[in-house]
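In what follows, residues are counted from 1 in the order of the sequence shown.
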Amino acid sequence: MGIKITDHGIFNDLKKNAVLNKNTHAEIGIMIPDIATIGMYLEYGWAQAVTSKQNNFLRARLGRWGANFKTLYMPPRPFMRATFAEKNKEWKKIFESQFKKTHDVKSALEAMCIRAVFDIRATIRNNGTASNPFPKRSPLTMAMLEAMGEIEKAKRQQKGQAAVSNTTTDKALMRSGNLEKSITHKIHS
């Protein structure tokens with residue numbers, strides 16, 4: 001007596017799906033070029049030598065005539081890389097689980113991408129990941145926001161409400177919310 005295995009055509013369906021979707025891939029990130037450029041600076045950080053004109057501007061704006069600004073530095077805040085490092089195994093499991101249910105690469109990628117976008121946005125909102133918290137905004141950044149009237153403006157808009165404005169918090173990456181909103185995905189075939 002032997003064992004008979006019936007696959008109900010699943011293996012043929014999987015083979016056909018694999019051939020049809022061999023070039024299918026996902027893109028997750030910032031698709032708006034201007035915001036992507038800003039995102040790159042935020043992700044990797046930057047340093048810039050201060051010109052005499054910039055130094056004069058900073059001293060005048062901040063009311064620090066005795067100060068001499070030589071370098072502006074923004075530390076990296078890796079919202080994409082840190083999230084990927086912490087969550088990519090979970091994303092892979094989501095893809096595998098969805099693919100086992102549907103036998104469809106596109107729907108599996110879609111499910112995985114939705115979760116990845118959610119996780120990256122959460123990293124921005126939470127000021128980093130559990131293993132990679134972001135540095136707080138620098139005192140210079142907070143002074144610039146105050147000098148530009150952003151903090152007073154935010155307080156007036158709040159009118160005593162409990163919500164904290166993005167300009168009154170020292171959490172990084174939260175000034176306008178555009179970065180978080182711009183994280184999205186595309187499925188390419």
Side-chain angles (χ1 to χ4, degrees), residues 23-59 61-62 67 69-95 106 108-151 153-154 164-189:
N23 294 322
T24 301
H25 63 280
E27 191 176 344
I28 303 166
I30 304 167
M31 310 301 168
I32 304 166
D34 292 347
I35 297 176
T37 300
I38 293 166
M40 181 188 67
Y41 288 121
L42 296 169
E43 178 81 15
Y44 293 100
W46 60 267
Q48 172 197 331
V50 176
T51 66
S52 61
K53 186 176 179 179
Q54 291 168 330
N55 190 43
N56 290 336
F57 171 81
L58 289 169
R59 289 177 7 195
R61 192 67 146 158
L62 299 173
F69 299 94
K70 294 183 189 255
T71 305
L72 295 177
Y73 170 74
M74 184 179 65
R77 294 179 173 103
F79 58 95
M80 298 282 287
R81 292 175 294 154
T83 308
F84 179 82
E86 267 190 31
K87 301 287 187 170
N88 75 78
K89 290 182 177 112
E90 290 176 33
W91 299 342
K92 183 179 175 184
K93 287 179 184 174
I94 290 168
F95 176 86
K106 288 180 186 174
L109 279 173
E110 183 70 23
M112 180 194 74
C113 288
I114 288 169
R115 181 54 186 260
V117 167
F118 175 85
D119 289 341
I120 294 166
R121 288 178 176 181
T123 296
I124 293 169
R125 274 191 313 279
N126 297 332
N127 208 37
T129 63
S131 64
N132 190 5
F134 297 154
K136 294 179 179 180
R137 284 182 175 155
S138 73
L140 177 61
T141 300
M142 296 305 289
M144 284 297 294
L145 289 172
E146 187 163 350
M148 292 184 315
E150 293 290 326
I151 292 176
K153 179 180 163 188
V164 176
S165 165
N166 294 339
T167 56
T168 59
T169 180
D170 60 3
K171 286 173 69 173
L173 310 186
M174 292 301 297
R175 185 163 179 209
S176 68
N178 288 338
L179 179 69
E180 180 186 348
K181 288 182 260 181
S182 71
I183 305 295
T184 188
H185 73 280
K186 290 182 183 175
I187 307 292
H188 300 279
S189 298

Check step by step if side chain to side chain contact (heavy atoms under 4.5 Å, CB included) holds for I38 and N178. CA-CA 10 Å; I38 293 166; N178 288 338; over 6 Å; no

Out of curiosity, [X] [atom1] to [Y] [atom2], how far, rounded to the nearest 0.5 Å?
X	Y	atom1	atom2	result
I120	I183	CD1	CD1	5.5 Å
F118	T123	CZ	OG1	10.0 Å
I124	R77	CD1	CZ	12.5 Å

Could you give all pairs that pass the side chain to side chain donor-acceptor pair (under 3.5 Å) test and reach residues 110-119, with sequence neighbours left out?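 The answer is W91-D119, E110-H185, R115-D119.
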
Among pairs that include at least one residue of residues 35-45, which meet side chain to side chain donor-acceptor pair (under 3.5 Å), considering only residues two or more places apart or in two chains? E43-R81

Could you go through residues 26-35 and list every donor-acceptor pair under 3.5 Å that involves a side-chain atom there, pairing it with any protein atom two or more places apart or in another chain?
from : atom 1 : to   : atom 2 : distance (Å)
E27  : OE1    : H188 : NE2    : 2.6

Please tell me whether T24 and K106 have a donor and an acceptor in their side chains that are separated by less than 3.5 angstrom. no

Donor-acceptor list for residues 128-135 side chains, cut-off 3.5 Å, not counting sequence neighbours:
from : atom 1 : to   : atom 2 : distance (Å)
T129 : OG1    : E86  : OE2    : 3.0
T129 : OG1    : N132 : N      : 3.0
S131 : OG     : E86  : OE2    : 2.5

Scanning both residues in full, the closest heavy-atom pair of F69 with N55 reads N-OD1, 2.7 Å

Restricting to non-hydrogen atoms, name the atom on P76 and the atom on Y73 that form the minimum distance, rounded to 0.1 Å. CD-OH, 3.7 Å

Residue pairs passing the salt bridge (Lys or Arg N to Asp or Glu O under 4.0 Å) test where at least one lies in residues 177-186, sequence neighbours excluded: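 Found R125-E180.
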
Apply side chain to side chain donor-acceptor pair (under 3.5 Å) to T51 and list each qualifying residue two or more places apart in sequence or on a separate chain. Q54

All side chain to side chain donor-acceptor pair (under 3.5 Å) counterparts of N126, not counting sequence neighbours: none

Are side-chain heavy atoms of L42 and M74 found at a separation under 4.5 Å?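 Result yes, sub-4.5 Å side-chain heavy-atom pair found.
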
Sub-3.5 Å donor-acceptor pair from the side chain of R121 to the main-chain atoms of T184, do we have one?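 No, the answer is negative, given that no donor and acceptor are paired below the 3.5 Å cut-off.
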
